[in-house]
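Lettering of chains follows the sequences in order, A, B, ..., and the numbering in each one begins at 1. Atom set for the values below is all heavy atoms of this structure, side chains included, hydrogens, waters and symmetry mates excluded.
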Amino acid sequence: MNESTPPFRAPVGTHDVLAPASAQWEGVVATFASLAHRYGFGLIITPMFEDVGVFNRGIGESSDVVSKEMYVFSDRGQRTFALRPEGTASVVRAFVQHRPPTPWKAWYVTPAFRYERPQAGRYRQHHQLGVEALGSEDPELDIEVIALAWRFFEAVGLRRVRLLINSMGHDECRGRYVELLAAHLALHGAQLCDEHRRGWSTNPLRVLDCKRPACVAVTEAGPMLPDHLCEDCRNHFARVVAGLESIGIEATLTPRLVRGFDYYTRTTFEFVADALASAQNAVGGGGRYDRLAEQLGGPPTGGIGFGCGIERLLLVRDAEGVSDELLKRTPDVFVVDTTGSGDSTVLLDELRRGGVAAQRAYGGRSMKAQMRAADHSGARFALLIGPTEQAAGQVTMRDLRSGEFAQAQPTVERGDVVAVVRDLLTEK
RNA sequence: GUGGGCGUAGCUCAGUUGGUUAGAGCGCCAGGUUGUGGUCCUGGAGGUCGCGGGUUCGACCCCCGUCGCUCACCCCA
């Protein structure tokens with residue numbers, strides 16, 4: 001038997017997350033869930049795959065995600081599906097299908113799939129937390145969504161995250177702007193980078209997103225979106241920025257921020273982590289999508305959302321040196337039983353039913369071995385049952401946090417164990 | 001899709017100009033006299049040196065291929 005090379009492993013770009021590392025995931029999700037609830041969002045669960053049209057129409061054919069990164073497949077009924085590459089399109093599809101009363105606010109946690117070469121902070125399957133709010137174009141909604149995101153990053157301990165913000169305008173003013181931009185690019189197209197020299201006309205806005213010096217130089221000299229917004233869009237944007245400022249959230253105006261999805265209108269934003277040295281420094285982002293519901297066959301309905309990558313968030317926590325654990329998953333007690341009887345079976349059942357996280361050793365190991373296991377488990381107390389305790393109907397409690405050898409070891413009447421343990425645990 | 005780096009015990013890594021039974025630390029298991037962890041001491045288990053082929057008297061070490069990991073470009077979470 002050759003055990004050194006397992007026949008199967010997680011697919012390229014995917015990862016298993018085991019305990020104890022997974023406790024950080026639980027913590028991140030729990031923090032987000034609690035915050036989302038406070039802001040009035042309800043959990044939504046949608047399928048991980050959708051008719052490919054949901055993403056084609058929603059995200060846009062010209063986007064990188066749709067044009068070259070989707071996991072597309074046909075099922076046995078010859079229907080064409082795609083694994084979701086991001087969270088928003090599915091939620092809006094669900095909104096259109098169910099027509100819940102507006103304003104409608106939903107949060108989600110989901111895997112997302114993109115076929116690309118893995119790299120630091122970039123995977124083929126990653127996980128996103130996010131919210132979507134539909135049914136209002138009120139800038140207050142923009143402020144709420146962005147504030148939720150900001151407070152979330154604060155809550156998980158991040159300090160060096162900046163908020164970049166921009167407005168894409170609505171159809172008309174953006175349309176006019178795109179024409180201006182296209183005219184500018186037509187004049188200077190020859191100076192663009194290799195990729196965009198010929199390809200810019202498909203979607204001129206993409207050039208703004210390009211980080212190559214050639215494209216940056218050309219676009220910097222050209223027209224900028226914020227200067228060409230209509231009055232409504234300008235006011236909307238101003239109110240968002242002012243509202244954020246009123247609650248102490250500083251947003252950096254970033255005129256070239258257009259983001260990779262076609263559905264964005266008006267407010268767009270991105271959270272970048274300065275602690276990450278790599279190019280993958282965006283921990284979250286989002287924006288308004290006032291035409292998306294229509295594009296997916298629903299009534300005209302404004303909306304705005306935010307998404308955050310869990311893996312990347314954890315990378316940032318690491319890079320920032322955030323030391324506090326979001327969630328500890330260690331047992332409260334560890335039952336050490338050397339009698340070999342069924343006493344520990346009954347005690348463990350009582351403890352667990354009483355809300356106490358309790359573990360034990362298996363295989364009838366020596367007391368020393370069981371104590372070592374108790375120590376390694378991280379349990380606060382060891383509950384000892386040996387022949388003496390068994391005969392006396394008692395349990396010996398040992399505080400594993402104490403470093404003293406000659407510490408006091410109270411014995412507790414068997415019938416009082418659960419109550420005593422619970423008392424001691426809530427004490428601190 | 002393109003390019004760079006790397007693949008030696010569960011983990012992090014050593015391994016001298018190719019030379020006989022491949023090492024360490026951590027982790028794991030068991031002991032250190034009669035029921036007690038975390039420190040210390042002793043011992044033990046665990047590797048076809050990613051896989052395949054080639055060069056050689058001989059390969060963990062050199063060459064080719066392949067798979068995988070990783071980083072970068074592009075883009076994003």
Could you go through residues 140-153 of chain A and list every donor-acceptor pair under 3.5 Å that involves a side-chain atom there, pairing it with any protein atom two or more places apart or in another chain?
| from | atom 1 | to | atom 2 | distance (Å) |
| --- | --- | --- | --- | --- |
| A:D142 | OD1 | A:R288 | NE | 3.0 |
| A:D142 | OD1 | A:R288 | NH2 | 2.7 |
| A:D142 | OD2 | A:H236 | NE2 | 2.9 |
| A:D142 | OD2 | A:T267 | OG1 | 2.7 |
| A:D142 | OD2 | A:R288 | NE | 3.0 |
| A:E144 | OE1 | A:K105 | NZ | 2.8 |
| A:W150 | NE1 | A:E154 | OE2 | 3.1 |
| A:R151 | NH1 | A:E154 | OE1 | 3.3 |
| A:R151 | NH1 | A:E154 | OE2 | 3.4 |
| A:R151 | NH2 | A:I247 | O | 2.8 |

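- Take A:E69 and apply the side-chain hydrogen bond (donor to acceptor under 3.5 Å, both in side chains) test, not counting sequence neighbours, and it matches no residue.
- Here side chain to side chain donor-acceptor pair (under 3.5 Å) pairs that include residues 355-364 of chain A, with residues two or more places apart or in two chains, are A:S344-A:R360.
- Not counting sequence neighbours, A:F237 has no partner by the ring pair (Phe, Tyr, Trp, His ring centres under 6.0 Å) test.
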For residues 42-49 of chain A, please give each side-chain donor-acceptor pair under 3.5 Å, one per line with the distance, not counting sequence neighbours.
| from | atom 1 | to | atom 2 | distance (Å) |
| --- | --- | --- | --- | --- |
| A:T46 | OG1 | A:R84 | NH2 | 2.3 |

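- Within the 4.0 angstrom heavy-atom criterion, no nucleotide atom of any strand lies near A:D337.
- Of the charged side-chain nitrogens involved, at least one lies within less than 4.0 Å of a carboxylate oxygen, so that A:R414 and A:E350 count as a salt-bridged pair.
- Residue pairs meeting the side chain to side chain donor-acceptor pair (under 3.5 Å) criterion with at least one member in residues 269-285 of chain A, sequence neighbours excluded, are A:Q119-A:Q280, A:R162-A:D274, A:R259-A:E270.
- Residues satisfying the ring pair (Phe, Tyr, Trp, His ring centres under 6.0 Å) criterion with A:H376, sequence neighbours excluded, are absent altogether.
- Separation of the C1' atoms belonging to B:U48 and B:U8 is 13 Å when rounded to the nearest angstrom.
- Separating the C1' atom of B:G7 from that of B:U20 is a span of 26 Å, rounded to the nearest Å.
- Residues from residues 123-133 of chain A placing a heavy atom under 4.0 Å of any atom in RNA chain B, listed by number, are A:Y123, A:H126, A:Q128.
- Checking A:E132 against A:Y289 by side-chain atom types alone, a donor-acceptor pair falls below 3.5 Å.
- Contact of A:Q409 with B:U36 (side chain to base): a donor-acceptor pair of N or O atoms is detected under 3.5 Å.
- When heavy atoms are screened at a 4.0 angstrom cut-off, A:V12 is found touching the sugar-phosphate backbone but no base atom.
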Polar pairs (N or O, both sides) under 3.5 Å between protein and nucleotides 1-3 of chain B?
| from | atom 1 | to | atom 2 | distance (Å) |
| --- | --- | --- | --- | --- |
| B:U2 | O4 | A:R117 | NH1 | 3.2 |
| B:U2 | O4 | A:R117 | NH2 | 3.3 |
| B:G3 | O6 | A:R117 | NH2 | 3.2 |

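- Of the residues in residues 308-322 of chain A, those lying under 4.0 Å from RNA chain B by heavy-atom distance are A:G309, A:R312.
- If you take OG1 on A:T219 and CG on A:L205, they are separated by 11.0 Å, rounding to the nearest 0.5 Å.
- Residue A:R259 places at least one side-chain N or O under 4.0 Å from the OP1 or OP2 atom of B:A77.
- At a threshold of 4.0 angstrom between heavy atoms, the contacts of A:A120 are confined to the sugar-phosphate backbone, with no base atom among them.
- Heavy atoms of A:S278 sit under 4.0 angstrom from primed sugar atoms or phosphate atoms, though from no base atom.
- Stem regions annotated for RNA chain B: B:1-7 with B:67-73, B:10-13 with B:23-26, B:28-32 with B:40-44, B:50-54 with B:62-66, counting only runs of 3 or more consecutive pairs of Watson-Crick or G-U type with both contacts under 3.5 Å.
- Contact annotation for A:F113: no contact, since no heavy-atom pair falls under 4.0 Å across all strands.
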*What string of B, S and - do you get for nucleotides 26-33 of chain B 5' to 3' if you count protein non-hydrogen atoms under 4.0 Å?*
--SSS-B-
